[in-house]
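In this chain, numbering begins with 1 at the start of the sequence shown.
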Amino acid sequence: MNKKNIYKMKTKIIKIGIGVFAAFVLLSCNDDFLERYPLDELSNETFWKTENDLAVYNNSIYNLTKEDRQTAVMMGHDSRIRSIDGSYLYLDGFSDNLAPPPGVGRANRFKEVRAGIHIPGGTQLFGYRYFNLLRAINVGLDNMATSPLDEDIKNKYIGEARMFRAWFYYDKVSKFGDNQWVESEVATNDDDILFGARDPREFVMDKVLEDINFAVDNLPTSWGDGNSPGRLDHWDALALKSRLCLFEGTWRKYHGGTNANTWLQEAADASRDLILNGGYSLYKTGDPTMDYNATHRVFEDLTGNPEIIHWVRYTDGVRNNNVMKYFLYYSGGMTKDAIDDYLFTDGLPTGLSTDVVPITEIEDVFVNRDPRLRQTVLHPADKDFYEYNQGTGLPYPRITGMTGPGDESSTGYHIIKQYNRASHLSQNKAVTPGIVFRLGEIYLNYAEAKAELGTITQADLDMTINELRDRVNMPDLPLNPPMDPKYAADGISSLLVEIRRERRIELFSEGFRYDDLRRWKQGKKLENPDLGMLWDDAAIARYEGANVQTTVVDGKSYIDVYKGTPWGTPVFDESKHYLWPIPLGALGQNPNLGQNPGWPQ
């Protein structure tokens, strides 16, 4: 590293080290606080003395997590125009679930990763960045540790900060593997950290487990302030533990690692505790045609929804987003591969069901299918019910190339799961809430962890996956379902096939699919081209003006979204693509970080 870069790095750290306390705290202050602590008296010597001081400081960490293009911690939707790609809704664009439109540059990052075209020198959304969040967490933890407050009081806020740190590192490890573990504020002379090597992923994740366990043990079950969504609590910590332990356990099982079953058991135990003791339940009114997507289509406030464990609130004039408008177009549409995974009403997949009907037009895709499909993808007959695209009354679907008003779909399968006309009309003043944790995910985490451990029972399925299926009036999943021919070569049991399918269907466009494929070591599925709807003479006549490329599968033509583009032949190199590259800029500052296997130094 040259002297100029060293100087720039140390200067930056000096500024942050001096300013982090005052700047972050002042961002979270109210008038009462400023009256008690005049600006010229604000310092470490006057702060950290009361419970309110610790709460105010941690509020500044919550503020930092609002940068959703920077970090996956508490990801909801970034503010205003930044919600054009900064939202968990878009994350399925990295996977085989969504096909972002080929002609739109703002969706290129998702298409590049999906196709295996990472650019190590380029910008990484939610990637190797935003370490000032970690620094703020560690500054707080260093000072809280020496606070004169009683242990039971300060441990609540230490637990809150350690939950944030666990989340930060879990995300970094999931993408980059080995990471430098840093648990205190970094000083300008800490060269062993500034220019140090990365620590092994298993060491880092063991530290993550220590952090999240501390949070589980010390965060209150309720802060008692009546706020919704309020601060992170004991149940949120269990939800994060359920998620990250399942990721790590399956990663170690399928990629090779130690103590995989220990992590899977931790995931199962955290999930079960939350399910049995958290007081949450699935949202349902008895309407299987609407109950699944109702939670996701709420305009503003998720308070009182029994399924929501934690959510992100947006308030007009304080923090808005425009995710409804942007996602309508930049999502592109559901892929044929995802469509094909929806079961038929007899509970069986395409290759086994007797309820299959010939597909001659898009309406046929929905016949005899799991009701969640029609609550996720727009059926042409539902456009007026949903007042889709601001209720313009246009016929749908609208395919790439069609002229006139109305957003187009790259596949023909417009996403309706989160659509709310009022949010769309609000545009940059929208207050679409973000779902951080919901019970449906915890059900799926529990069932998968138990199945991977080989200890799952029918009772386990009945209290998890079959609860999800009952909501939409689908047949229950038995312990020994028939093997779907589509997945017979995956090397897993038929039960795990169905649990993974259920996860894909239930959590569609909630940001899980890409990480799921990576942890299961199923990255080769990303080499399948992104196809759309049937494209025959009838479709050409019906969708006048559409401009698409096609590919023939089993004698039938389908839209091939990226044919003839740089993303048309996706590649997944199993020797490198399970991890993202360390950015070249970071390596330039600290070559000792080392590059991930297969990526340029």
(request) For P481, check side chain to side chain contact (heavy atoms under 4.5 Å, CB included) against everything at least two apart and list the hits. (result) L477, P478, S494, L495, E498
(request) State which residues pass side chain to side chain contact (heavy atoms under 4.5 Å, CB included) with S228; sequence neighbours excluded, sorted by chain then number. (result) T303, W311, R313
(message) Applying ring-ring contact (aromatic ring centres under 6.0 Å, His included) as the test, list every pair that has at least one member in residues 346-383; sequence neighbours left out.
(response) F366-H379
(request) May I ask you to check whether N293 and Y386 show a side-chain donor-acceptor distance below 3.5 Å? (result) yes
(message) Any non-hydrogen side-chain atom of L517 less than 4.5 Å from a side-chain atom of L526?
(response) yes
(request) List in chain and number order the residues that pass side chain to side chain contact (heavy atoms under 4.5 Å, CB included) with S409, two or more places apart in sequence or in another chain; answer none if no residue qualifies. (result) T411, H414
(request) Tell me, please, which residues at least two apart from F437 pass ring-ring contact (aromatic ring centres under 6.0 Å, His included). (result) W167
(message) Using 30° and 60° as the class boundaries, would you call the ring planes of W251 and F247 parallel, tilted or perpendicular?
(response) parallel
(message) Let's go through K524 and E574 carefully: what are the C-alpha distance in whole Å and the side-chain angles of both, what is the deciding distance for salt bridge (charged side-chain N to carboxylate O under 4.0 Å, His left out) to 0.1 Å, and is it a yes or a no?
(response) CA-CA 8 Å; K524 281 295 183 180; E574 292 202 300; 5.7 Å; no
(message) For Y396 and Y388, take the angle between the two ring planes, folded into 0 to 90°, and tell me which bin it lands in: parallel under 30, tilted 30 to 60, perpendicular over 60.
(response) perpendicular
(request) Would you please test D68 and R82 for salt bridge (charged side-chain N to carboxylate O under 4.0 Å, His left out) and show each step? (result) CA-CA 8 Å; D68 295 290; R82 293 195 299 275; over 6 Å; no
(message) Tell me every residue that passes side-chain hydrogen bond (donor to acceptor under 3.5 Å, both in side chains) with D364, counting only those two or more places apart in sequence or in another chain.
(response) T360
(request) Go through the structure and list residues passing side-chain hydrogen bond (donor to acceptor under 3.5 Å, both in side chains) with D291, not counting sequence neighbours. (result) T285
(request) Kindly confirm or rule out a cation-pi arrangement of R109 over W580, judged by NZ or CZ under 6.0 Å from the six-membered ring centre and within 45° of its axis? (result) yes
(request) Write down the atom of Y543, the atom of I362, and the distance for their closest heavy-atom approach. (result) OH-CG2, 3.7 Å
(message) Once side-chain hydrogen bond (donor to acceptor under 3.5 Å, both in side chains) is applied, do any residues pair with T432, and if so which ones, sequence neighbours excluded?
(response) S423
(message) Per the side chain to side chain donor-acceptor pair (under 3.5 Å) rule, what does the pair list look like for residues 470-487, sequence neighbours excluded?
(response) E307-R471, D337-K486, D341-K486, D341-Y487, R471-E506, D484-R501
(message) Between M74 and H310, is there a side-chain heavy-atom distance shorter than 4.5 Å?
(response) yes
(message) Would you call the rings of Y280 and W235 parallel, tilted or perpendicular, taking 30° and 60° as the class edges?
(response) perpendicular
(request) Find out whether L468 and E502 are in side-chain contact, i.e. whether some heavy atom of one side chain is under 4.5 Å from a heavy atom of the other. (result) yes
(message) Holding to side chain to side chain contact (heavy atoms under 4.5 Å, CB included), I want the full list of residues that pass it with D407, two or more places apart in sequence or in another chain.
(response) L328, Y329, N389
(message) For the CD atom of Q70 and the CD atom of Q124, what is their distance to the nearest 0.5 Å?
(response) 11.5 Å
(request) Sequence neighbours left out, what passes ring-ring contact (aromatic ring centres under 6.0 Å, His included) with F126? Give chain and number order. (result) none
(message) For a quick check under 3.5 Å, do Y446 and D460 share a side-chain donor-acceptor pair by atom type?
(response) yes
(request) For N108 and K111, test the side chains for any donor-to-acceptor distance below 3.5 angstrom and give the result as yes or no. (result) yes
(message) List the residues meeting side-chain hydrogen bond (donor to acceptor under 3.5 Å, both in side chains) with K429, not counting sequence neighbours, and say none if there are none.
(response) none
(request) Indicate whether any N or O donor in one side chain lies under 3.5 Å from an N or O acceptor in the other, for S79 and N321. (result) no
